[in-house]
Amino acid sequence: MSRFGDLGGKLYRGEASYDFVGKRKLWYGVTLLLMLISLVGLGARGLYMGIEFQGGAVFTTPPTQMSIEDARETAQEVSGTEPRIQELGSGALRIQVTGLDNEQSEKTRAALADELGLKTQQLDTELVGPSWGDQMSSKAIQGLVVFLILVSVYLAIAFEWRMAVGAMGALVHDLVVTIGVYAIVGFEVTPGTVVGVLTILSYSLYDTVVVFDKVKEKTRGLLKQNRHTYGELANLGINATVVRSVNTSVVALLPVAGLLFIGTGLLGGGMLKDISLSLFIGLTAGTFSSIFIATPIVVDLKLRSPEIKAHDRRTLAKRAKGGDGAEDAEETGESAGAGARRAEEPTAAAAGSVGGPRSPEAGSRGRPSGRRR
């Protein structure tokens, strides 16, 4: 078994542990920093909305020797608007100019055709009206709002409202970071981008629900025991799923990176690039949020409950007096920051429980029988 796979097994069985929950203030700080950078970038540069949202014209040339700079200069001189130009894989140029009406579009088309030495009819033109762009923007926002509402209702019913809040916090992080990267780098926002963003939000939600399910399993029957606090058991739930989350994300990112390379390098842009670009950014952000944001938020909300507060207080008091809770927490590594434990000392936590007798191999070799050899 590989080292990473062996580590995953130890984390799942509780033989090793990383203190995700105990260091939640650090993750909150990183999250706020990322979101702040994204919001500053969005405010300073704004989003470059595609032709589908702003309206305008798209001119596609045949394979040509015309340079991008010559095409940009010609289109800008006639239209008065700075164009966005992409070189397609076939050697053709895609010249996009926003905010053009029919008359301006025809003038720009004629100037480009004259520069290329073509007849006007030989230059392919696609005109998009601003009303259609407004409708696209409205539908995209409506779809996002409906998605978030339905997700909140589902999580509140399937789990509890605190987990719904945690999942929403993770989704907001993913959305803000993805939009921020688009703004900072200057990527074009197209309908393909919207599809990609909705897809990565769904993926992030799936990853978060997997973690929540394990946390719910580990914390079931919390008030019936005094060995572990809620945060310790929730941390064990994250540890049990972290390797799976990372593996799933890596496997998903590899084909997305391939699509991004093909869409950008070979096809020269288009819908394939737009979707894969948002997927690549969002999958990375979603993996981070499902591990470092969602469950820590749930823990903070849970710790405000009087029952959980009283339970954790009793548990810590018992542990301070040297009771069984302290011994169990030390041995299982389930407490926040317990760290790695010897693999030859498995406990009942390896099976997903928090109590019970230890296996014979985990303890000492037994009492002396009194027989002399």
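Only this structure's heavy atoms are used, side chains among them; waters, hydrogens and symmetry mates stay out. Note that the coordinates shown come from a computational prediction; the quantities given were computed from them, not determined experimentally.
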* Asked: Do Arg220 and Glu217 meet the salt-bridge criterion of a basic N to acidic O distance under 4.0 Å?
  -> no
* **Salt bridge Glu232-Arg319, side-chain N to carboxylate O under 4.0 Å** => yes
Just by distance, with hydrogens left out, do [X] and [Y] show a side-chain donor and acceptor under 3.5 Å apart?
X	Y	answer
Ser290	Thr208	no
Arg109	Thr125	yes
Gln142	Ser138	yes

* To do: Would you sort out whether Phe159 and Lys216 count as a side chain to side chain contact (heavy atoms under 4.5 Å, CB included), showing the intermediate values?
  => CA-CA 8 Å; Phe159 295 95; Lys216 184 178 178 180; 3.9 Å; yes
* Asked: With a 4.5 Å heavy-atom cut-off, do Phe288 and Val30 have their side chains touching?
  ->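 Sidechains of Val30 and Phe288: in contact.
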* Is there a side chain to side chain donor-acceptor pair (under 3.5 Å) between Thr229 and Asp312 once you walk through the steps? -> CA-CA 5 Å; Thr229 65; Asp312 286 2; 4.7 Å; no
* To do: Under the side chain to side chain donor-acceptor pair (under 3.5 Å) rule, what do Asp70 and Ser67 come out as? Steps first, then yes or no, please.
  => CA-CA 5 Å; Asp70 289 340; Ser67 68; 3.1 Å; yes
Has [X] got a side-chain atom pairing as donor or acceptor with [Y]'s backbone, closer than 3.5 angstrom?
X	Y	answer
Asn239	Asn235	yes
Glu106	Glu103	no
Ser204	Ile200	no

* To do: Would you please indicate yes or no on a ring centroid separation below 6.0 angstrom for Phe292 and Phe20?
  => yes
* To do: Report whether Leu175 and Met168 are members of the same hydrophobic cluster (ILVMFWY, side-chain heavy atoms less than 4.5 Å apart, transitive linking).
  =>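 Yes; tracing contacts between hydrophobic side chains, which count when under 4.5 Å, links both residues.
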* To do: Could you check Leu201 against Leu144 for side chain to side chain contact (heavy atoms under 4.5 Å, CB included), going step by step and ending with a plain yes or no?
  => CA-CA 10 Å; Leu201 291 181; Leu144 179 61; 3.5 Å; yes
* To do: Going by the side-chain contact (heavy atoms from CB on, under 4.5 Å) test, name the single residue among Leu205, Val165, Leu150 that passes it with Leu155.
  => Leu205
* To do: Determine whether more than 12 heavy atoms belonging to other residues, nucleotides or ligands lie under 6.0 Å from atom CZ of Arg244.
  => no
* I would like to know whether Tyr28 and Asp300 meet side chain to side chain donor-acceptor pair (under 3.5 Å); could you show each step before the answer? => CA-CA 12 Å; Tyr28 291 159; Asp300 275 330; 2.7 Å; yes
